[in-house]
Amino acid sequence: MKNNKIIIANWKMKLSLAESLDLARAVKEKFKDFSGGQVAVCPNFISLKEVGDILKGSPVKLGAQNVFWEESGAYTGEISPRQILEAGCSYVIIGHSERRKYLNVNYEMIHKTIKTVLSFPDLVPVVCVGENWDERKTDRRDYVLFDQVQQALSGLNIPGEQKIIIAYEPIWAIGSGTAIEPAEAEYAHKIIRITLNDMFGLKVVSNNFSVIYGGSINSHNVKGFTGLEDIQGLLVGGAGLDAEEFFQVAKSVASGKEED
Ligand code: 13P
């Protein structure tokens, strides 16, 4: 059976231009014969074009960490879907919790952005959802996920071939060094999937949507997340900043087991 898992690295604001280019070269080399799923890296904006040039001819695709909801105009400091496509992007992260936390990005903005991105068939949105610690502790996680997915996507028309990735990233696990229990992630993925099924129907959800997990995944804990039907891939932060570590994570996901 063809492995269609998705492994995306979010480099956040952690690397200089020179470091991004070095990492892109190392990732390209590591993944040169990789065929175990879809792989992408998301560098900062100033590195996008050059990283994209390095990755040409590689199975590793390019993604952006953010995009604006208008197609062009007087929006100082923003970047449009067409501009990231010009840089070579195939994916774009939308509504990462760090942007929700530090920049007051909300689900109304996320909704508008997804709507615009859906009019660009060559760009796959990676829509982030996930509860914070307080919401989880007080048993509000299921409702929070339901509500975030609803706000992000309700009323949107999903074009026939358009792929949409939902990244479940529990905020309290991001950067903590400890991923959540795989069974808990799997349960959260089910909630997301049931919500999507209610909104778009089973057929659209199975053709167009993938749900992936993010939050402190590394080559040691990844084995718990592989081979689970509801977890269709991973969005990694720290583990994506080292080519060998990223490769080990991707290999584990691709093979459905941990590599020794
Ligand atoms: P970490 O893997 O470093 O926890 O980051 C996850 C993340 O935020 C990916 O978008």
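Counting convention: from 1, in listed order, for ligands and their atoms alike.
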Legend entry - Partner set under side chain to side chain donor-acceptor pair (under 3.5 Å) for Glu50, not counting sequence neighbours: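 Glu50: no side chain to side chain donor-acceptor pair (under 3.5 Å) contacts found.
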Legend entry - Short side-chain to backbone donor-acceptor contact, Thr116 and Lys112, under 3.5 Å: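 Yes; at least one donor-acceptor contact below 3.5 Å.
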Inset, instruction - Going by the side-chain contact (heavy atoms from CB on, under 4.5 Å) test, name the single residue among Ile212, Ile192, Ile231 that passes it with Tyr168. - result: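 So, applying the side-chain contact (heavy atoms from CB on, under 4.5 Å) to Tyr168 and each of Ile212, Ile192, Ile231, only Ile192 qualifies.
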Inset, instruction - Using salt bridge (Lys or Arg N to Asp or Glu O under 4.0 Å) as the criterion, list what pairs up with Lys203, not counting sequence neighbours. - result: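 For Lys203 there are no salt bridge (Lys or Arg N to Asp or Glu O under 4.0 Å) partners, ignoring immediate neighbours.
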Legend entry - Any residue meeting salt bridge (Lys or Arg N to Asp or Glu O under 4.0 Å) with Asp22, in chain and number order, not counting sequence neighbours: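 With sequence neighbours excluded, Asp22 shows a salt bridge (Lys or Arg N to Asp or Glu O under 4.0 Å) to Arg25, given in chain and number order.
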Inset, instruction - At a heavy-atom distance under 4.0 Å, which protein residues reach ligand 1? Sort them by chain and number, would you? - result: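 Its neighbours under 4.0 Å (heavy atoms only) are Asn10, Lys12, His96, Glu169, Ile174, Gly175, Gly215, Ser216, Leu235, Val236, Gly237, Gly238, given by chain and number.
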Inset, instruction - Give, for atom CD of Glu131 and atom OG1 of Thr138, the distance between the pair rounded to the nearest 0.5 Å. - result: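 Here the rounded value is 10.0 Å.
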